[in-house]
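Chain A is the first sequence line, chain B the second, and so forth, proteins listed ahead of strands; every chain is numbered from 1.
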Amino acid sequence: MKLLYFAWVRERVGRAEDEVSPPAGVGTVAELIEWLRGRGPEYAHAFEAGPAIRAAVDRRHARPDASVAGAREVAFFPPMTGG
Amino acid sequence: MAVRLQEEPFDLGDEVARLTLGRTDAGAVVTFSGICRDRADSGERLVALTLEHYPGMTEEELRRIEAEARGRWALADSLVLHRHGRILPGEPIVLVVTLAAHRKAAFEAAEFLMDYLKTSAPFWKREETAGGGSWVAAKGSDDAAAERWKA
């Protein structure tokens with residue numbers, strides 16, 4: 001599974017993307033975030049904002065309870081500020 | 001019906017001229033353009049904005065928003081154009097153009113497109129000031145503006 005990070009989430013993690021294979025118990029966006037927080041201090045820092053972080057699964061906005069099973073690409077980012 | 005992403009500035013007049021050329025069915029053309037101001041949210045003088053986006057999803061999301069607008073209003077045509085990269089004060093950031101037979105649909109669709117774009121198109125603004133830089137925080141008023149279309 002490819003992970004992408006944008007804006008300050010990317011800056012805090014220290015890279016724009018990761019390739020990961022989460023364990024079987026990780027089935028939702030929220031569970032994926034929880035698992036990532038344990039990967040190191042930079043992830044813990046990036047994801048400490050919890051619900052303020054938005055996610056997209058395969059390029060569609062996804063809520064915390066959305067499934068990541070079979071997802072090719074999951075992105076994490078702050079609330080959007082375009083326009 | 002088109003969605004465009006580009007780094008370079010655009011000309012409002014050229015874009016409208018291209019959309020309306022040869023058309024006789026659209027009695028109303030509404031344009032909204034967002035311009036980079038010279039003040040950061042903190043009140044400091046802004047040197048530049050840098051727009052980051054999610055290549056691939058941005059285009060898909062803008063197309064979804066445009067399709068939603070065209071499902072709600074009878075539009076003759078529409079354009080959503082958004083820049084990314086470094087943008088200087090006074091330069092345009094975003095353009096929405098809607099064409100319809102009458103003004104009501106054109107006005108409403110343009111407002112809907114902007115409200116939805118602000119809360120769901122994956123763009124992030126970073127402000128550059130003399131003192132450094134910081135990411136712009138999302139505004140609750142933008143969420144509220146998008147929410148009212150769901151009623």
Side-chain angles (χ1 to χ4, degrees), chain A residues 1-20 28-30 32-33 36-37 41-83, chain B residues 3 5 32-37 40-41 49-65 80-85 87 92-96 110-127 133-143 145-146:
Chain A
M1 177 188 295
K2 186 178 181 183
L3 303 183
L4 298 175
Y5 313 109
F6 292 97
W8 55 255
V9 177
R10 170 180 53 75
E11 289 181 344
R12 288 185 181 187
V13 170
R15 63 184 76 90
E17 55 181 84
D18 271 323
E19 192 65 44
V20 298
T28 65
V29 167
L32 182 57
I33 289 178
L36 284 168
R37 282 162 67 115
E42 68 274 32
Y43 291 91
H45 180 49
F47 290 99
E48 72 190 2
I53 294 191
R54 306 291 176 87
V57 175
D58 289 331
R59 299 179 174 182
R60 279 181 173 267
H61 291 296
R63 296 185 185 281
D65 62 355
S67 171
V68 294
R72 291 183 307 278
E73 187 174 295
V74 181
F76 296 102
F77 42 80
M80 290 140 284
T81 55
Chain B
V3 155
L5 273 174
F32 172 86
S33 41
I35 312 293
C36 179
R37 279 174 299 129
D41 281 350
L49 272 183
T50 300
L51 264 288
E52 179 171 328
H53 78 109
Y54 180 172
M57 178 171 169
T58 310
E59 295 86 338
E60 287 179 24
E61 192 63 25
L62 290 176
R63 275 187 217 107
R64 282 193 280 269
I65 297 167
V80 178
L81 198 178
H82 208 300
R83 289 179 66 199
H84 60 97
I87 296 173
I93 303 169
V94 61
L95 175 67
V96 163
E111 199 171 8
F112 169 89
L113 285 165
M114 275 309 300
D115 285 346
Y116 260 63
L117 182 157
K118 276 198 159 282
T119 53
S120 77
F123 289 99
W124 302 274
K125 288 191 183 101
R126 187 179 172 81
E127 292 177 334
S134 63
W135 293 98
V136 171
K139 294 179 180 69
S141 56
D142 287 337
D143 286 331

Quick check for you: to the nearest 0.5 Å, what is the distance between A:Thr81 atom OG1 and B:Glu52 atom CD?
9.5 Å
Leading residue by heavy atom contact count with chain A [cutoff under 4.5 Å; candidates [options]]:
options                               : value
B:Asp142, B:Val136, B:Leu117, B:Leu49 : B:Val136
B:Arg64, B:Met114, B:Glu61, B:Lys139  : B:Arg64
B:Arg126, B:His84, B:Arg83            : B:Arg126
B:Phe32, B:Trp135, B:Phe123           : B:Trp135

Heavy-atom proximity to chain A below 4.5 Å, by part of B:Ser120
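For B:Ser120, heavy atoms of backbone and side chain both lie under 4.5 Å from chain A.
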Apply side-chain contact (heavy atoms from CB on, under 4.5 Å) to B:Ser134 and list each qualifying residue two or more places apart in sequence or on a separate chain.
B:Glu127
Just grab all the side-chain hydrogen bond (donor to acceptor under 3.5 Å, both in side chains) pairs involving residues 60-78 of chain A, residues at least two apart or on different chains.
A:Arg59-A:Glu73, A:Glu73-B:Tyr54
Identify the heavy atoms of A:Phe6 and B:Pro55 that sit nearest to each other, and give their distance.
CE2-CD, 4.3 Å
Give the member of A:Pro78, A:Ala52, A:Ala75, A:Ala56 that has the highest number of heavy-atom pairs under 4.5 Å with chain B.
A:Pro78
Inter- and intrachain pairs under ring pair (Phe, Tyr, Trp, His ring centres under 6.0 Å), touching residues 62-83 of chain A, at least two apart
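Ring pair (Phe, Tyr, Trp, His ring centres under 6.0 Å) check on residues 62-83 of chain A returns A:Phe47-A:Phe76, A:Phe77-B:Trp124.
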Checking heavy-atom separations under 4.5 Å from chain B, one finds in residues 10-17 of chain A A:Arg10, A:Glu11
